[in-house]
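Let me begin by presenting the structure, written as structure tokens, before commenting on it.
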Amino acid sequence: MDASHTTPVETSRFQMRALIVGIICILLCVVGAFLITDGLRQFFHAYLMGYVFWTGVSVGSLAILMLHHLSGGGWGLVIRRILEAATRVIPLMFVLFLPVFFGIRTLYEWARPLETIPEGHREVIAHKTPYLNIPFFMGRFVFYFVVWGLLMFFLNKWSLEQDRTAEPGLRKTMQGLSGPGLVLFGLTVTFAATDWVMSLEPEWFSTIFGLLIMAGWGLSAFAFVIIVASRLANRPPLAGVIAPLHFHDLGKLLLAFVMIWAYFGFSQFLLIWYGNLPEEIPWYLERMRSGWQYVGLILVLFHFAVPFFLLLSRNLKRHARTLAIIAGLLMVMRLVDLFWMIAPVAEVHGGGALGLVLNYWMYLLAPVGIGGLWLSYFAHQLRQRALLPINDKGMENLLEQAAAARHHHEPELQGIDRPEHI
Amino acid sequence: MKRSKIPQLYGLMAEFEDPTDVVTAARRTYEEGYRRINAYSPYPIEELSEAIGFHRTILPLIVLIGGILGGLAGYFLQFYVHVFDYPLNIGGKPLHSWPAFIPITFECTILAAAFSAVFGMLALNKLPQPYHPVFNNPRFALATRDRFFLVIEARDPKFNHEETTRFLQSLGPYEVIDVET
């Protein structure tokens with residue numbers, strides 16, 4: 001029973017490849033950091049972007065997992081083991097924060113000695129030092145990971161216990177932790193977003209910024225899970241269990257995340273544009289000139305408009321492969337969004353097309369590098385457990401449905417012509 | 001039976017006691033070639049709608065068009081009022097300040113889409129409908145309780161009173177009844 005529920009063998013090959021690609025990309029970035037002008041500056045900003053993105057996939061998965069424990073439903077059961085494996089990468093992200101710590105003075109203006117900060121910024125930043133200082137910053141970083149780590153640890157522990165003992169009470173236990181867990185998630189992500197991304201420009205603030213990053217993290221985690229599920233859908237043990245119905249649900253939730261991201265993003269823009277205050281508006285002015293406006297336009301089109309209209313289609317949502325393509329586009333757009341937030345701060349200038357490549361290539365390689373390590377560790381974690389929570393109360397229902405579908409559909413497909421179905 | 005009686009017939013109604021039976025019967029009826037068929041159940045059965053060949057409605061399209069028109073109307077109203085009808089300088093912003101128009105455009109889209117969904121659904125179902133022949137069978141009231149009904153309408157091209165009655169009888173119903181218009 002147990003062996004038949006594990007991950008397909010290909011994942012171990014994938015694990016090795018991802019690790020190699022990840023290490024090569026990171027090494028190239030490190031070499032580049034010391035070789036080219038302003039290389040370190042570019043390296044740290046690119047690394048931060050990749051770090052925030054992949055941490056978001058892990059922590060976003062944690063949130064979706066808790067959401068599933070609270071709400072139940074077949075869509076959550078079929079992806080639960082993927083989510084759990086993604087949350088178990090959180091310890092790796094704790095370690096990978098090290099480069100950000102080393103680059104703290106390069107990245108964050110507030111971390112530099114006060115006398116080196118330009119006159120105009122000094123007063124505002126001095127005013128914010130009770131919050132924005134290195135020891136407190138690191139303390140908060142540790143605190144976020146303790147919270148996420150504990151939630152991850154217990155939810156994974158109980159889920160494994162459920163596989164072994166089939167104890168029905170565990171379902172309630174996991175549900176009981178998920179409620180407060182989601183509240184903690186909301187608070188920690190808000191603060192983490194403020195610390196890691198918003199404080200890159202310490203004079204600027206936006207109260208919705210934490211929610212914007214939260215929506216982004218949820219979106220990238222959801223897109224990631226859809227891609228993994230679609231890759232596993234045709235092979236046992238998920239084949240036959242995960243049905244178009246589940247992809248339909250996942251697609252609807254993906255659409256909801258796309259909309260909530262756009263809603264938060266536009267809300268932030270509208271209020272700052274309307275207020276037009278000198279301490280708020282520069283953030284957008286900076287991102288609406290010298291080429292950044294085109295990146296913004298790409299976001300409006302491909303992070304919102306195109307996926308929004310595509311995901312309205314019922315057929316598309318029920319087709320795993322097509323849905324995975326949209327999910328892939330959204331993951332790329334998540335990176336573009338973080339690029340648009342983080343890269344303008346680096347202010348690396350240089351002429352011509354060559355300058356463009358030299359000043360920005362690490363923003364491509366660093367996320368791929370961290371992603372390689374992340375995916376490799378994820379594949380390792382995914383292989384540790386059965387791919388379905390076989391002893392959950394909902395599984396019985398799910399397997400019954402799957403069996404019924406097999407019975408009904410085969411003769412039906414032959415007997416009835418259905419011209420409207422693609 | 002006289003021929004002149006036949007146009008008076010709305011169709012044949014078979015009553016089933018079990019949801020699985022009615023789905024099987026509906027499938028068989030569709031396979032047999034009948035197209036003007038309908039099924040009634042106290043609760044939604046997804047397989048049943050599929051079995052009678054009811055795959056698609058144009059309702060989503062109506063909602064989409066309704067939403068788009070609502071959005072355009074909302075935007076145009078603001079554009080017309082702010083730029084032509086009553087231009088006001090608000091905080092030094094241009095008269096045509098599109099970001100400020102987005103929330104109302106969005107709300108109008110939702111409102112019009114919701115109205116299209118409700119009224120479109122009513123119209124497509126031909127509701128309200130004070131009279132429908134199926135109620136001529138007094139037992140039909142059970143369709144809201146614990147019985148399932150399958151109806152083949154007389155205007156179905158394949159419909160033949162005797163043959164269709166025999167066919168429905170073969171599906172194992174509780175009973176088959178003539179329904180008059």
Side-chain angles (χ1 to χ4, degrees), chain A residues 74 243-245 248-249 252 255-256 259-260 262-278 280-281 284-285 288 296-297 300 304-305 308-318 400-401 404-422, chain B residues 19-35 37 44-68 71 75 78 82 89-94 96-107 109-110 113 116-117:
Chain A
L245 161 90
H248 194 177
D249 284 348
K252 284 186 225 168
L255 174 63
M259 286 166 70
I260 201 84
Y263 181 83
F264 289 153
F266 182 76
S267 300
Q268 177 178 288
F269 172 73
L270 181 67
L271 291 191
I272 290 179
W273 169 85
Y274 223 124
N276 206 15
L277 298 174
E280 289 179 346
I281 198 75
Y284 276 107
L285 290 180
M288 285 165 84
L297 190 67
V300 172
F304 173 64
F308 172 78
F309 280 105
L310 287 177
L311 285 171
L312 287 179
S313 152
R314 182 174 184 270
N315 282 338
L316 189 148
K317 276 180 289 199
R318 294 174 76 91
E400 228 168 68
Q401 262 176 20
R406 269 198 296 280
H407 266 283
H408 276 308
H409 280 284
E410 277 155 26
E412 189 192 75
L413 281 173
Q414 292 158 6
I416 302 173
D417 60 299
R418 25 172 83 191
E420 287 137 309
H421 264 243
I422 299 162
Chain B
T20 324
D21 291 348
V22 76
V23 173
T24 320
R27 259 194 208 120
R28 288 274 315 277
T29 313
Y30 193 89
E31 277 165 32
E32 195 72 16
Y34 292 103
R35 286 300 177 268
I37 50 183
I45 305 175
E46 207 177 315
E47 292 92 335
L48 190 56
S49 348
E50 241 172 73
I52 58 170
F54 182 83
H55 296 308
R56 275 297 124 104
T57 77
I58 59 160
L59 190 60
L61 188 66
I62 294 177
V63 177
L64 180 70
I65 292 171
I68 290 172
Y75 194 95
Q78 296 171 85
H82 285 288
N89 183 338
I90 301 168
K93 296 266 191 292
H96 181 210
S97 286
W98 66 266
F101 297 171
I102 297 288
I104 288 170
T105 306
F106 173 73
E107 300 296 349
T109 310
I110 303 295
S116 316

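Reminder, nothing fancy here: chain letters follow the sequence lines and each chain counts from 1.
More than 12 non-hydrogen atoms from other residues, nucleotides or ligands lie less than 6.0 angstrom from CZ of A:Arg318. Within 6.0 Å of atom OH in A:Tyr284, more than 12 heavy atoms from other residues, nucleotides or ligands are found, so the atom counts as buried in its surroundings.
By the 30° and 60° cut-offs, the orientation of the rings of A:Phe269 relative to B:Trp98 is parallel.
For the atom pair CZ (B:Phe106) and CZ (A:Phe266), the distance works out to 11.0 Å, reported to the nearest 0.5 Å.
Contact annotation: the side chain of B:Ser97 never approaches that of A:Tyr274 to less than 4.5 Å [non-hydrogen atoms, C-beta and beyond]. Side-chain contact check for B:Ile102 versus A:Leu270: every heavy-atom pair is 4.5 Å or farther apart.
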